[in-house]
Trainee: 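Structure provided below as structure tokens; questions to follow.
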Number of protein chains: 2
Amino acid sequence: MTTDESREAGRDAVATPSRPTIVDVAEAAGVSRQTVSNALNRPHKVAPDTLERVLREIERLRFTPHVSAQQLRRRRASAYGFEVNPSGHRRLGHILDEFLVELTVSAPSHASHLVAFAPDPDDVIAGYRQTLASGLVDGFVLADTRHADPRPPWLLEQHVPFVSFGRVWDLPELTRWVDVDGHAGVLQAVRHLAEAGYAQIGWLGWPTGSPVGDNRRQGWSDGLAELGVTGDAPTAEAVQDLDEATDAAARLLDRLGPDSAVVCASDLLALGVLRAVRNRGLEPGRDVGVVGFDDTDVAAAMQLTSVHQPVAEAARTAWDMLVDPTTSPGPVLLEPSLTVRASSVREPAAPARAGTRPTAKQARPDDEPPGIRP
Amino acid sequence: MTTDESREAGRDAVATPSRPTIVDVAEAAGVSRQTVSNALNRPHKVAPDTLERVLREIERLRFTPHVSAQQLRRRRASAYGFEVNPSGHRRLGHILDEFLVELTVSAPSHASHLVAFAPDPDDVIAGYRQTLASGLVDGFVLADTRHADPRPPWLLEQHVPFVSFGRVWDLPELTRWVDVDGHAGVLQAVRHLAEAGYAQIGWLGWPTGSPVGDNRRQGWSDGLAELGVTGDAPTAEAVQDLDEATDAAARLLDRLGPDSAVVCASDLLALGVLRAVRNRGLEPGRDVGVVGFDDTDVAAAMQLTSVHQPVAEAARTAWDMLVDPTTSPGPVLLEPSLTVRASSVREPAAPARAGTRPTAKQARPDDEPPGIRP
DNA sequence: CGGGCCGTGTTGATCGTTCAAAACGGAACG
DNA sequence: CGTTCCGTTTTGAACGATCAACACGGCCCG
């Protein structure tokens, strides 16, 4: 057994600390390569005692199949690309970073992994084409889908598997996406505020035209309708800028009566409200209820009640739709939950307390980082 | 040429839209496989006219080498693992997410790519071992190194290539890391505040014992020494919690005179100062100077001056150290810059203005997100 | 009792590329 | 004119796994 000896020697010697291959396991277990392969991939086709013997040797030799070899032979990478965006990553909040983390966490349970890539902003499609053509990935997970997004049509045309976190707005016939129901989230917020006893509930959102923003605003007006509010309630608009948001919030507060509350399309807008409230010597929560959206770290830091997106669940759903195209092909709309903090609680002494809505949840201690992280 | 015909037919037919291989290019250019391979990997070993012909065919057929096949034959993945942490990702700020993005952006220029993985928190090393054993990666990029971190010793013992973003505290002999000079950053902050005219400069930091925090605090005391302050200046401590930070800041403000400023070990601590300042009816910047650390999105939103880490440069440096072990083996300590905003400017009318320190930079408009991002 | 079938295991071919070595043709040289 | 050498190109083998097909023995069945 020259091969055997040289291998064994090689493993012990300093020269070649090479990993064991399937052949090493086969020889050790006294079977052929294919049987080892079957033991891992089709255990039911292997006799029980043989199976046990092979698995024992696999364990003993710490054998792990070489992914590249598998990819080559199977003609499948079992990997998916995820675009990370070099620009715009200083946005408030990091839902997408969180989504990437959760995708990564769920990857092993689908025998897959995630490859990050950063396409050239001037030709995004080229980045996708290149990543795909190299055989590095089988498909993609899209996020941050926009109006007139070039990616979904191209992927569809190329028959490339993909899912999207966020509705694919331009292609209604495309159902392979998972999103968070912003409308429902804002509705919860309105109900919660009404229950907490605020007399009037205003809206601070983005200028109309953005699909996400319009959807959230609809949740607010539907919530008011549900409460029996008939006339038009006060609203204000601001783009994603704290100073503008503060000004808009101030105007909104002028038009709201005492004991009012404001629901916002984002945590940053809510931050503007907090600031405007404090500017006139009032206390968020006690005097004016405020609810944000996204439950970012800023919300946690500022004791801001906010609509929380179930990102981990979204990631799991995305994997399901991606790797098993037969099940759950349809769109999935996840219900967000409300993380209640001091900004929507009127009694100042009591700590943050959850509403009675089934989906409302209390801010848990581990929402805040436990230790010091620089 | 049966092979040729079937291939051509396969490409046109709906059945097999398979990617072109190196053999297709070879046949089209009238050379052998190896020559095509050489044209891409050793162009100098190919006759000029042949080279041109081959490259033209590569372009025409849109040939891209199959990464898995390369990895298998080269016995090298040209990929590196990056651990993403499922817990604790709700920390304030997202320096590490940003670092991941910048790593991804720089990856292609080193003919490499990044694979995200999430090890089991109960056995982190197992996750590293598994990822490595599968041949998916050649090494790792570490981040968030801690005291008593098990990863560096293990990687060293296994002779696995790695670099670290953040000093490897326990192994002084290990030099393969890049970090941001917190000491220098705080020093800049102190100089900037002194120049802006604040009479006294206090420190709000974490409890002593954390290497990062102690390093930053040292920058503050060295800065005061440089200014000729001899006695002990006021300091306070708080863990990473906004309420605690606010209380600590209030105590600190009691001990500081008028026209004072506070330098903080983190943006969250600085947020506490902002709050404490406003609680007593004062205005950050005009009445009390405040500087944070990390230049997170919160800092931008709250108009907080903060020490900015050159994350992109850190990522590039990390790649250099990782893939080319001959050059720059030593540790690299990068100089942060100061992003000046309203919280450290005394005249209320004037917009944020940079100090005269060469590394101080003004907050650029694109620090804030341009559009609406939900 | 011959043929088909089933459970189990083996062998040859293959995925697409690069390494190692050999082949080829022409120029330089003794 | 034979030999050596060099630049260029080609051929065989290998990386480590899986697919496809087949071999083998035992069992059932007509």
Side-chain angles (χ1 to χ4, degrees), chain A residues 3 6-7 10-11 16 18-54 57-58 61-78 111 132-136 138, chain B residues 3 6-7 10-11 16 18-54 57-58 61-78 111 132-136 138:
Chain A
T3 332
S6 63
R7 269 224 161 268
R11 202 176 305 128
T16 314
S18 72
R19 331 168 324 96
T21 74
I22 202 171
V23 176
D24 296 319
V25 177
E27 285 172 358
V31 294
S32 70
R33 350 180 265 290
Q34 186 63 34
T35 300
V36 178
S37 176
N38 285 339
L40 288 172
N41 301 317
R42 279 103 133 175
H44 59 280
K45 305 202 78 173
V46 179
D49 54 338
T50 311
L51 180 60
E52 195 200 357
R53 187 157 32 97
V54 171
E57 290 303 320
I58 286 175
L61 297 175
R62 289 183 178 282
F63 166 72
T64 305
H66 196 280
V67 171
S68 302
Q70 288 183 316
Q71 292 176 334
L72 180 60
R73 181 62 250 226
R74 288 178 169 158
R75 313 176 64 79
R76 185 165 22 100
S78 295
L132 185 69
S134 67
L136 209 52
D138 298 326
Chain B
T3 332
S6 63
R7 269 226 161 266
R11 202 176 305 127
T16 314
S18 72
R19 329 169 320 99
T21 73
I22 203 172
V23 176
D24 296 318
V25 177
E27 284 172 357
V31 294
S32 70
R33 340 180 277 287
Q34 186 63 35
T35 300
V36 178
S37 177
N38 286 338
L40 288 172
N41 301 317
R42 280 102 130 177
H44 60 280
K45 304 203 77 172
V46 178
D49 54 337
T50 311
L51 179 61
E52 195 201 358
R53 187 157 33 95
V54 170
E57 290 303 320
I58 286 176
L61 297 174
R62 290 183 178 282
F63 166 72
T64 304
H66 196 281
V67 171
S68 302
Q70 289 183 316
Q71 292 176 335
L72 180 59
R73 182 61 251 228
R74 287 178 169 158
R75 312 175 65 77
R76 183 168 20 102
S78 295
L132 185 70
S134 68
L136 209 52
D138 298 325

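Chain A is the first sequence line, chain B the second, and so forth, proteins listed ahead of strands; every chain is numbered from 1. For the numbers below, each heavy atom of this structure counts, side chains included, while hydrogens, waters and symmetry mates do not.
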Trainee: Starting at NE2 of A:His66 and ending at C1' of D:dG16, how long is that distance when rounded to a whole Å?
Mentor: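 Distance, rounded to whole Å: 7 Å.
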
Trainee: May I have the distance from A:Asp24 (atom CG) to D:dG16 (atom P), rounded to whole angstrom?
Mentor: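 Nearest whole value for this atom pair: 9 Å.
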
Trainee: Would A:Glu57 and A:Val31 satisfy side chain to side chain contact (heavy atoms under 4.5 Å, CB included), going step by step from the backbone distance to the final call?
Mentor: CA-CA 11 Å; A:Glu57 290 303 320; A:Val31 294; over 6 Å; no

Trainee: Can you see which heavy atom on A:Gly135 is nearest to which on B:His66, and at what distance?
Mentor: CA-NE2, 4.2 Å

Trainee: Does C:dC15 have its OP1 or OP2 closer than 4.0 Å to a side-chain nitrogen or oxygen of A:Arg75?
Mentor: no

Trainee: Just to confirm, is there a sub-4.0 Å distance from OP1 or OP2 of C:dT17 to any side-chain nitrogen or oxygen of B:Gln70?
Mentor: no

Trainee: Calculate the interatomic distance between A:Leu136 atom CG and C:dG16 atom C1'; express it in whole Å.
Mentor: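 About 15 Å, once rounded to whole Å.
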
Trainee: Roughly how far, to the nearest 0.5 Å, is the CD1 atom of B:Ile22 from the CD1 atom of B:Ile58?
Mentor: 7.5 Å

Trainee: Between the side-chain atoms of B:Arg73 and the base atoms of C:dT17, is any donor-acceptor pair under 3.5 Å?
Mentor: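 Answer is no: no donor-acceptor pair is held.
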
Trainee: Mind calculating the distance between CG (B:Leu40) and C1' (C:dC19) to the nearest angstrom?
Mentor: 16 Å

Trainee: Nearest 0.5 Å, please: how far is CG in B:Asp24 from CZ in B:Arg19?
Mentor: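 The CG atom of B:Asp24 is 10.0 Å from CZ of B:Arg19, to the nearest 0.5 Å.
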
Trainee: Side chain of A:Ala69 only, heavy atoms from C-beta on: which candidate in C:dG16, C:dT18, D:dA17 is closest?
Mentor: D:dA17

Trainee: Got a list of protein N/O to nucleotides 5-11 of chain C N/O distances below 3.5 Å?
Mentor:
unit_1 : atom_1 : unit_2  : atom_2 : d
C:dG9  : OP1    : A:Thr50 : OG1    : 2.5
C:dG9  : OP2    : A:Ala47 : N      : 3.1
C:dT10 : OP2    : A:Ser32 : N      : 2.9
C:dT10 : OP2    : A:Ser32 : OG     : 2.9
C:dT10 : OP2    : A:Thr35 : OG1    : 2.7

Trainee: Taking all non-hydrogen atoms of both residues, which atom of A:Ala111 and which atom of A:Ser78 are closest, and how far apart?
Mentor: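 That would be O-CB, 3.6 Å.
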
Trainee: Look for any protein N or O under 3.5 Å of an N or O in nucleotides 22-27 of chain D and output each such pair with its distance, or none.
Mentor:
none

Trainee: Do B:Val54 and B:Val46 touch side chain to side chain, with heavy atoms closer than 4.5 Å?
Mentor: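 The answer is no, as the side chains (C-beta and beyond) never meet within the 4.5 Å cut-off.
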
Trainee: Please report the distance, rounded to the nearest Å, between CD in B:Gln71 and C1' in C:dC19.
Mentor: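 So the CD-C1' distance, B:Gln71 to C:dC19, works out to 17 Å.
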
Trainee: Just how far is it from atom CZ of B:Arg74 to atom CG of B:Asn41, taken to the nearest 0.5 Å?
Mentor: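 Reported value, rounded in 0.5 Å steps: 5.0 Å.
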
Trainee: Can you tell me how far P of D:dT11 sits from CD1 of B:Ile22, to the nearest Å?
Mentor: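 After rounding, the gap between these two atoms is 14 Å.
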
Trainee: How many whole angstroms separate atom CG of A:Leu72 from atom C1' of D:dC19?
Mentor: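 It works out to 13 Å between those atoms.
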
Trainee: Would one find a side-chain N or O of B:Arg42 under 4.0 angstrom from OP1 or OP2 of C:dC19?
Mentor: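 Answer is yes, contact under 4.0 Å.
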
Trainee: Is the backbone N or O of A:Arg76 less than 3.5 Å from a side-chain atom of A:Asp138, with the two atoms forming a donor-acceptor pair by type?
Mentor: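 No, A:Asp138 side chain to A:Arg76 backbone: no donor-acceptor pair under 3.5 Å.
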
Trainee: Working to the nearest 0.5 Å, report the span between CZ of A:Arg73 and CG of B:Leu72.
Mentor: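 Spacing of CZ (A:Arg73) from CG (B:Leu72) equals 12.5 Å.
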
Trainee: Just the rounded figure in Å: distance from P of C:dG16 to CD of B:Glu27.
Mentor: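 Roughly 13 Å, once rounded to whole Å.
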
